[in-house]
Amino acid sequence: MVRRERKRTGRPRGVVAATAFFCALFLVPHLLDDAWVAVLTLVLFFAFVGQAWNLMMGHVGLLSLGHALFLGIGGYTTAVLLQDYGMTPWIGIPAGALVAAMVGAGIAWLGFRFSVRGVYFALLTIAFAEFFRILFSNWPLIGGTGGYFLRVVPEDNVPLLSLRGGADHFYYLFFVLFLVGLIVSARLVRGRIGMFWSAIREDEDAARALGVRSFRLKVLVVAVSAAMTACGGGAFALMNGSLFPNTLMGMQMSIQIILAPIIGGLGTLFGPFVGAVFVVLVLEFSRDLGQTAGVYGLSTLIYGLTVLGVILYMPEGIWPRLVRLAQPLRRDR
Amino acid sequence: MLLAVHGLTKWFGSVKAVRGIDFGVAKGEIVAHVGPNGAGKTTCFNIVAGAMRPSAGTVRLDGIDVTNQPPEEMAARGLARTFQIMRPMAGMTVLENALIGPLARGLAMADARGEAYRALERAGLEDKAESPAGLLTLPERKMLELARALSTAPRLLLLDEVMASLRPAEADRIVALLQDLRAEGLTILLIEHVMRVVMSLADRIVVMHHGEKIAEGTPADIAANRTVIDNYLGRRGAQ
Amino acid sequence: MVELYLKVAAGGLLIGTVYALIAIGLTIIFGVMRVVNFAHGEMVVMGMYLGYALWTLFAIPAIPAALIAAVVLFGLGVFLQVTVVSRFVGRPQHSQFILFIAFALVITGLHLMLMGPDARSVMAPISFQTYSVGGLRLDAARVQAAATALVMILALVAFLRFTFIGRAIRAAADNPLGAEVVGIRSGRVYAVTAGIGLACAGAAGALVSPLFDAQPFLAPEFTLLAFIIVIIGGLGSLTGALIGGLLIGVAEGFAALLINPAMKSMFSYGLLIAVLLLRPAGLFGGREAR
């Protein structure tokens, strides 16, 4: 089912491919028009947040269906600190990450303390996410259901200080987030902690019998995943300029977050990106098609059918399938 | 006594699986628990290893009360165990399986690799180090269970039916390994059905039946004890 | 004042019976296959649209419409089970989750295409009738919906108790994923189970069509409602689902009366969290642990 990726250092082909890939990503704003840049920004956003979710599910086997909660915490913390307290997102985003990490750790602590497992843990994450969504919807200070709006970017805006700007600016913001997320994930997963996480995913009882302190390691992964997701939420809020509990923190967003890594390939480092490309492109394409045809609901139908097709025919995800396609070339290592 | 268990009792709902058992294991000794299925051996084991909480009774390791300590704590105190149902971490390589223990002891990655490799060598799995643990054969899985337990550098090794469903030649390999380990000073507590192995390996045997200890002694004592033969050995012999 | 409370309690019990039918559909599928139908709410909405269409096109009232919806959804359940879901039994949860999310998207897409995004309400005379029971005035539509739901639940219980396939389903639920051991062909058991699960959702949907306006986006709320009931009652337990449904029906009514209506579902989620943490087997389910 979930497989660890083999380390690829020292393999020229992989290094060349990765370098070319990141260079291409870096050049995107110079090559494509704003509409495409916006689409690819969304891809990077879902790739980054999917990566964060994947740490929990793909590497430790903890299924969260309520990740929109952390997105919301990050988004609202960043936005409120900026708007009402005049704090730069350079402080706001880390603050949001910290709050999300604490909330995540709290939920994890409760869940694991009472040994809530499997599908019950997934339902617990939904319950917390919905609980907070309704709380935020009824919180007048942050606008409730009506939403919270950031003031227009001032004339003398310095993007590097305010982290706000145009399409290209946000593209690079998410590009950096995605890169940092990838590096942090890779370092965690391939190090000592990652070995313990894998052991817990494979068999928690056996891991504990070998001396792995699974409780705190599981709480840790939830906190890290929540913090990363909250960073994505903060940047997302800056980009949109408006926040609504029902869209930012709703069940639909939680589903959207987990589609990319599952479709791309669980427990892999590049799966979430591949999945995000797929999900966002299919979404955009079906939306265009639906609008052209003028049929309401067609886009949802196409989107659903595509997801169905992937889960039916590539249950372990697109990226592992791609890797296997490239594999015969280097079987003889 | 390295391990001293006193008055151990475990209820499962209204069933008393273990009824006030006392036993001990001295340093460097091999003690075997025998008895029919459902006698409470594995339950005792799980309690000692911290995987289950007893309803009553105490477990002492080196004189320190470790009752109710979680399994990871017991591992840190030098106790290692195998599982009756083998649990290789199938998505990881054999070497990675053996790497968890040393890493959990706090060794640096390079040292941990060395330790893991040595543990695999003892179990004769060094050639399989890079293959996925899920692809091992049944005897290899047993050896991996052992290697993983050894990789934690234990003082006390708990073995739950490691010989079961192995061919005699394979079982003899494990017996030889266990004898080597004892010679190096390791203390071993094992559950075993294969009486040939128990008789040749154990210094002392504890016979359990219906959650109670019905006899204890050297292999010679046990062989001479009629109750035991009637209750357990005889019945198994008749099978 | 007392009369108001009584009315709310009675109304809660009535709608709670329909909720119970929805929840039973979810719980029976989980009990037998260990699969969580995350598209359950979509199936309920499908039943609502069927109820709406049958009334608008053929003037068929809710009770016979519920029977028709049950049959249609039973067929859909068997079809989906045989063609797709069977392959996902025993697969990891996230995989099943995505499958049902895909179902939900497809069904919602179809709903939007066929019925549009606007609310559709049944304009039947029954919507304005009331029954008077011992001085309490109760909506006729609610009473009829609850009575029909109760009859269906009882019929289902009888089916599970007295027919061969019903007993096979119960055996499978006692020993999930292991029905083959007792010599039952699990494929058929699973198909019938899926059919029943969806039939419950569809029938309940048709029954509430005179009460709530049908809308595609109601679906997630029904799904989450069913979850809350099922978890509170104990995942996999029919009795638990019934009691849980009544409990939630009444609690919802009082919450809407006594606290801010917008916050009432927060109360439900708070309860869900508490139950998950403290009694993961549900308040009434003893058998199954985490």
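Quick note on labels: first sequence line is chain A, next is B, and so on, each numbered from 1.
Proximity to chain C is absent for every atom of A/Ile263, based on heavy atoms less than 4.5 angstrom apart. Only the side chain of A/Val295 comes within less than 4.5 Å of a heavy atom in chain C; its backbone stays farther off. Proximity to chain A (any heavy atom under 4.5 Å) is shown, for C/Leu99, by both the backbone and the side chain. Residue contact with chain C, scored on non-hydrogen atoms closer than 4.5 Å, involves the side chain of A/Ile262 exclusively. In this structure, the portion of A/Leu65 lying under 4.5 Å from any heavy atom of chain C is its side chain and not its backbone. Interface remark: A/Phe121 contributes no atoms to any contact with chain C (heavy atom separation under 4.5 Å).
Among the candidates C/Leu224, C/Val36, C/Thr108, C/Leu105, the residue making the largest number of heavy-atom pairs closer than 4.5 Å to chain A is C/Leu105. Interface check for chain A: of the options C/Pro220, C/Gly270, C/Gly116, C/Pro117, the most heavy-atom pairs under 4.5 Å are formed by C/Pro117.
Taking 4.5 Å as the limit, some side-chain heavy atom of A/Leu266 sits within range of a side-chain heavy atom of C/His94. Between A/Tyr120 and C/Ile231 there is a side-chain heavy-atom pair separated by less than 4.5 Å. Side-chain contact between C/Phe100 and A/Ile311: absent, with no pair of heavy atoms (C-beta onward) separated by less than 4.5 Å. Annotation: side chain of C/Val84 is in contact with side chain of A/Leu312 (closest heavy-atom distance under 4.5 Å). Using a 4.5 Å cut-off on side-chain heavy atoms (C-beta onward), A/Ile255 and C/Phe97 make contact. With contacts defined as side-chain heavy-atom distances shorter than 4.5 Å, the pair C/Leu112/A/Leu301 does not qualify. Residues C/Val106 and A/Thr300 have side chains not in contact (no heavy-atom distance under 4.5 Å, counting atoms from C-beta outward).
One finds the CG atom of C/Asp118 at 8.5 Å from the OH atom of A/Tyr296 (value rounded to the nearest 0.5 Å). In this structure, the separation between CE on A/Met251 and CD1 on C/Ile101 is 6.0 Å, given to the nearest 0.5 Å. Atom CZ of residue C/Phe103 and atom CG of residue A/Leu305 lie 10.5 Å apart, to the nearest 0.5 angstrom. Note that the CG atom of A/Leu110 and the CD1 atom of C/Ile273 stand 9.0 Å from one another [nearest 0.5 Å]. Separating the CD atom in A/Glu130 from the OG atom in C/Ser268 is a distance of 11.0 Å, to the nearest 0.5 Å. Atom-to-atom distance recorded for A/Leu123:CG and C/Leu276:CG is 6.0 Å, nearest 0.5 angstrom.
More than 12 heavy-atom neighbours from other residues, nucleotides or ligands sit within 6.0 angstrom of CZ on A/Phe112. Heavy-atom neighbours of A/Arg216 CZ from other residues, nucleotides or ligands within 6.0 Å: at or below the threshold of 12. Heavy-atom contacts from other residues, nucleotides or ligands closer than 6.0 Å to CD of C/Glu221 number 12 or fewer.
Residues A/Gly118 and C/Gln93 approach most closely at C-OE1, 3.6 Å, considering heavy atoms. The shortest heavy-atom contact between C/Ala102 and A/Gly304 is CB-O, 3.7 Å.
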### Query
Between C/Phe38 and A/Ile126, does a side chain to side chain contact (heavy atoms under 4.5 Å, CB included) hold up when you go through it step by step?
CA-CA 12 Å; C/Phe38 281 92; A/Ile126 296 183; 4.2 Å; yes
